[in-house]
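Note: hydrogens, waters and symmetry copies are ignored here, and every other heavy atom, side chains too, is used. Given the structure is predicted, the values throughout are model-derived calculations rather than measurements.
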Amino acid sequence: MLPLIAFAVGLAYSNYRQDRSDATRRVLETVRSMRLVLDSEVQRMTGGLQVLALSESLRNGDFDGFRRLAVGFISQYGEDSVLLLADRSGHQLFSTATTETTNLPPRNNHEIVERVFASKAPQYSDLFIGATKKRPIVTVEVPVLRDGEVVYALSFSPPIAIFQKLVERQRPNDRWTVSLLDAKGLIFARAPNPAETFGKRASGALYDIMFRTPEATLSTVSLDGVALSSAYTRSQLTGWTVVAGVTESSLIAPLWRNIAITSLIGGVLLLVGLTFAVRMATTIARGEMLHSLLIEELNHRVKNTLALMQAIAVQTFRSASRDERTKFEGRLGALAEAHNLLSQEKWAGSELRDVIARALRPFLLANPDRIRIAGPAVPLSPRLAVVLSMIVHEIATNAAKYGALSNEIGRVTLEWEVMSDAPKPRLRLIWTELGGPLVTAPVQRGFGSRLIERSARDQLGGEATVDFLPRGVICTVICALDGER
């Protein structure tokens with residue numbers, strides 16, 4: 001009897017080692033998907049700020065006119081957010097915290113202002129004491145350009161609560177510890193015990209390794225004194241680090257439970273045969289843990305794929321121009337927004353109006369009335385939702401650069417209808433621009449036009465046409481509603 005029980009316990013331990021390896025891999029995949037969610041949220045902030053930086057009132061120094069746009073932007077994030085403008089010396093010229101434009105305090109983080117002017121690109125701060133809020137904040141900074149030169153640094157300090165809510169939503173369960181750290185290793189969002197750990201440095205083992213490699217798995221002891229199997233990954237966009245760990249006790253407990261069950265059942269089943277006893281011991285030892293791991297891995301599958309795309313993009317565009325990076329980041333951001341909407345709906349699809357509203361959100365901040373949307377309720381499959389989101393984003397980006405959204409008076413109408421003149425219902429979507437600059441057909445088609453036409457043809461089995469009329473561009477997209485060719 002003892003040799004049989006020992007053999008069954010050995011099987012349980014072997015399975016535990018394999019399952020623990022799988023759990024460590026899952027922790028790493030979890031922090032990667034969390035990093036993608038964090039980058040998507042920060043990219044959305046950055047995109048909105050870049051749209052604000054292009055406003056005519058800001059370029060002309062009309063701060064009173066700019067205040068209406070600024071207040072509309074921060075209203076998305078709550079009263080605790082602040083938007084301000086500073087020159088290269090760090091002198092504040094404008095702040096949503098007060099209508100007073102004189103005697104504003106100087107910026108407390110002059111280093112990041114210098115980085116904005118030097119790089120001419122968005123920057124992301126570490127935790128520091130804000131001159132306006134008088135408490136620790138992080139900021140998203142974008143340059144305001146005039147004739148190709150940086151004239152102001154536009155700074156946005158979102159409520160820290162946004163990042164705390166993000167951590168709490170992404171935390172799988174209460175056995176996990178999840179943290180967001182700035183580039184210096186200071187915690188600015190955490191679950192559990194956020195208040196007790198805010199502003200503290202990462203625990204010893206993690207702090208020692210996180211500056212040597214951008215991603216790793218390791219065993220740590222949390223600031224709460226809990227042993228964790230942990231992983232971290234650093235965002236190439238912000239320089240911030242996402243850390244997550246699951247308690248060691250939750251990984252070991254199934255081993256002891258399975259050993260006890262295996263030993264008991266092994267003794268009973270010894271009466272009816274060695275073969276049956278070994279099979280039962282193996283099944284019981286592996287069943288529960290593997291089932292739990294497979295279900296959780298399935299929930300993270302799509303997020304892991306997007307995390308891989310983010311990593312590939314960072315490597316591919318390392319030496320590219322700022323314009324190329326901005327274009328690709330916008331397209332990747334549109335893709336991430338479509339996937340966020342599908343995740344909210346449990347990947348059961350989404351409504352066309354919601355998909356369009358998400359894709360056009362950055363272009364509606366300055367003047368929501370410039371784009372009129374009209375059409376019936378149309379449910380979309382996940383595939384249709386992602387592809388149409390990319391197409392609408394591409395059309396709107398072109399309009400913001402060259403078309404009706406590039407000036408102050410242009411207008412856009414986006415209408416759609418369901419056509420039933422074929423065996424399968426088809427969707428027809430029409431984008432019409434008026435009031436923009438005089439349109440001339442381009443000599444050479446750009447990547448955006450090819451992306452629109454190929455996506456409609458190859459991925460949706462439909463067609464897309466772009467007509468460059470003098471009064472404005474008209475783009476028509478037709479596709480089958482079920483997304484099948």
Side-chain angles (χ1 to χ4, degrees), residues 44 47-48 51 54 72 76 327 330-331 333-338 340-342 345 349-420 425-437 439 446 448-457 459-460 462-481 483:
R44 187 168 71 90
V51 172
L54 295 175
Q76 305 173 75
K327 288 180 181 178
R331 289 165 181 150
L335 181 61
E337 282 294 326
N340 285 340
L341 179 59
L342 290 172
E345 301 299 331
S350 55
E351 218 282 324
L352 176 59
R353 185 178 296 273
D354 294 335
V355 171
I356 291 175
R358 283 253 183 170
L360 295 179
R361 183 182 297 170
F363 307 93
L364 295 173
L365 292 174
N367 190 343
D369 297 327
R370 295 188 67 181
I371 302 179
R372 185 177 70 86
I373 300 174
V378 180
L380 300 179
S381 66
R383 181 180 177 221
L384 262 176
V386 171
V387 177
L388 286 178
S389 177
M390 294 293 293
I391 290 175
V392 171
H393 169 80
E394 201 64 38
I395 298 172
T397 298
N398 290 337
K401 290 184 176 180
Y402 315 111
L405 300 182
S406 65
N407 61 19
E408 295 294 326
I409 62 173
R411 294 290 185 270
V412 172
T413 299
L414 181 55
E415 300 173 303
W416 63 89
E417 62 178 346
V418 177
M419 302 185 296
S420 303
R426 295 184 298 163
L427 172 69
R428 178 163 59 192
L429 187 148
I430 303 174
W431 172 283
T432 306
E433 299 182 21
L434 291 173
V439 175
S449 297
R450 296 196 303 272
L451 174 65
I452 294 170
E453 294 175 3
R454 290 179 180 176
S455 295
R457 183 185 68 239
Q459 299 186 50
L460 301 182
E463 61 179 352
T465 59
V466 181
D467 298 318
F468 298 91
L469 304 181
R471 67 177 184 273
V473 169
I474 298 178
C475 181
T476 304
V477 178
I478 299 176
C479 64
L481 269 181

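- Closest approach of Gln459 to Val387, counting heavy atoms only: OE1-CG2, 3.3 Å.
- Panel note: side chain Arg370, backbone Gly410; a donor-acceptor pair is recorded below 3.5 Å.
- Taking each heavy atom of Gly403 and Ser406 in turn, the nearest pair found is O-OG, 2.6 Å.
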Requested in this report: Determine, step by step, whether Leu414 and Leu360 satisfy the side chain to side chain contact (heavy atoms under 4.5 Å, CB included) criterion, reporting the C-alpha distance in whole Å, the side-chain angles of both residues, the deciding distance to 0.1 Å, and the verdict.
Outcome: CA-CA 11 Å; Leu414 181 55; Leu360 295 179; 4.2 Å; yes

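- For residues 463-475, no pair satisfies salt bridge (Lys or Arg N to Asp or Glu O under 4.0 Å), with sequence neighbours left out.
- Heavy atoms only, all atoms of each residue included: Val439 and Gly472 are closest at CG2-CA, 3.7 Å.
- Cys479 SG to Leu388 CG: the interatomic distance, rounded to the nearest 0.5 Å, is 5.0 Å.
- For the pair Ile371/Leu405, a side-chain contact is recorded, criterion being any heavy-atom separation below 4.5 Å from C-beta on.
- In this structure Gln76 satisfies the side-chain contact (heavy atoms from CB on, under 4.5 Å) test together with Arg44, Phe73, Arg361, Leu365, sequence neighbours excluded.
- For Arg372, the side-chain contact (heavy atoms from CB on, under 4.5 Å) criterion is met by Ala374, Thr413, Glu415, not counting sequence neighbours.
- For the atom pair CZ of Arg450 and CD of Glu394, the computed distance is 10.5 Å after rounding to the nearest 0.5 Å.
- To the nearest 0.5 angstrom, Arg358 atom CZ is 15.5 Å from Arg353 atom CZ.
- Taking all atoms of both residues into account, the shortest heavy-atom contact from Asn407 to Gly436 is ND2-CA, 3.5 Å.
- With rounding to the nearest 0.5 angstrom, the CD1 atom of Ile409 is 10.5 Å from the CG atom of Leu434.
- Looking at Val355 and Leu384, their side chains never come closer than 4.5 Å, going by heavy atoms from C-beta outward.
- By the 4.5 Å heavy-atom criterion applied to side chains, Leu429 and Ile391 are not counted as neighbours.
- Using a distance-only test at 3.5 Å, with no hydrogens or angles considered, a donor-acceptor pair links the side chain of Glu433 to the main chain of Ala404.
- At least one side-chain heavy atom of Leu427 sits under 4.5 Å from a side-chain heavy atom of Leu352.
- Rounded to the nearest 0.5 Å, atoms CZ (Arg454) and CD1 (Ile452) are 12.5 Å apart.
- Between Trp416 and Ile356, the closest side-chain pair of non-hydrogen atoms falls below 4.5 Å.
- Put simply, the side chain of Ser389 never gets that close to the backbone of Ala385: no donor and acceptor are under 3.5 Å apart.
- Of all the heavy atoms in Ala377 and Glu351, the pair that sits closest is CA-OE2, 2.8 Å.
- Summarising the geometry of Ile430 relative to Thr432, their closest heavy-atom pair is CG2-OG1, 3.6 Å, with the distance given to 0.1 Å.
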